[in-house]
Visitor: 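What follows is a structure written as structure tokens; I'll ask about it next.
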Amino acid sequence: MLLLAVVAFVAVLMAATAQFAGRVVTREQAQIAADAAALAGTAGGPPAAAELARANGGVLVSFTMVGDAVQVVVRVDDASATARATRAP
């Protein structure tokens with residue numbers, strides 16, 4: 001009986017760990033897509049930012065440009081990430 005309880009506990013722990021790891025991977029994918037979109041946006045504006053977000057599995061949610069600085073928000077599945085970039089050296 002104790003062995004069955006331990007096996008059940010380990011199975012639940014593994015399922016929870018897998019779900020957490022999936023969320024971490026999605027969050028990292030969103031950040032990568034946001035970083036790429038922000039960099040592309042400094043040179044090509046919103047169309048370039050949207051294209052790079054899409055190429056990295058994301059959707060451009062917002063694009064703001066003030067001077068040489070760009071800030072974007074990108075969503076991948078249920079995760080969102082913000083990134084900033086500038087053309088200044």
Side-chain angles (χ1 to χ4, degrees):
M1 190 65 152
L2 179 61
L3 180 61
L4 183 59
V6 169
V7 168
F9 175 74
V10 169
V12 168
L13 186 62
M14 287 175 57
T17 301
Q19 185 178 15
F20 175 73
R23 284 195 304 253
V24 169
V25 167
T26 300
R27 173 73 178 110
E28 290 303 314
Q29 287 175 332
Q31 190 62 58
I32 290 167
D35 291 342
L39 288 170
T42 61
E51 182 177 336
L52 262 287
R54 193 172 33 259
N56 284 282
V59 174
L60 183 65
V61 175
S62 72
F63 179 95
T64 305
M65 186 171 208
V66 178
D68 286 338
V70 168
Q71 178 174 320
V72 299
V73 177
V74 173
R75 188 181 74 246
V76 173
D77 295 332
D78 61 344
S80 292
T82 301
R84 293 174 192 86
T86 183
R87 288 189 297 192

Visitor: Side-chain heavy atoms nearer than 4.5 Å, only ILVMFWY residues, links allowed to pass through others: does that put Phe63 and Leu52 together?
Guide: no
Visitor: Test of understanding: with side-chain contact (heavy atoms from CB on, under 4.5 Å), list the residues that count as partners of Ala38, not counting sequence neighbours.
Guide: Val72, Ala83, Ala85
Visitor: Nearest heavy-atom pair of Gly41 and Ala49: which atoms, and what distance?
Guide: CA-CB, 4.1 Å
Visitor: With Gln29, which of Val76, Val74, Asn56 fulfils side chain to side chain contact (heavy atoms under 4.5 Å, CB included)?
Guide: Val76
Visitor: Within the 4.5 Å heavy-atom criterion, are Gln71 and Thr82 side-chain neighbours or not?
Guide: yes
Visitor: If every non-hydrogen atom of Ala34 is compared with every non-hydrogen atom of Ala81, which pair is closest and at what distance?
Guide: CB-O, 3.8 Å
Visitor: Got a sec, which residues hit salt bridge (charged side-chain N to carboxylate O under 4.0 Å, His left out) with Asp68, two or more places apart in sequence or on another chain?
Guide: Arg87
Visitor: For Glu51, does the CD atom sit with more than 12 other heavy atoms under 6.0 Å from it, leaving out its own atoms?
Guide: no
Visitor: What is the distance from atom OG1 of Thr26 to atom CD of Gln31, rounded to the nearest 0.5 Å?
Guide: 13.5 Å
Visitor: Same cluster or not: are Met65 and Leu60 linked, directly or through other Ile, Leu, Val, Met, Phe, Trp or Tyr residues, by side-chain heavy atoms under 4.5 angstrom apart?
Guide: yes
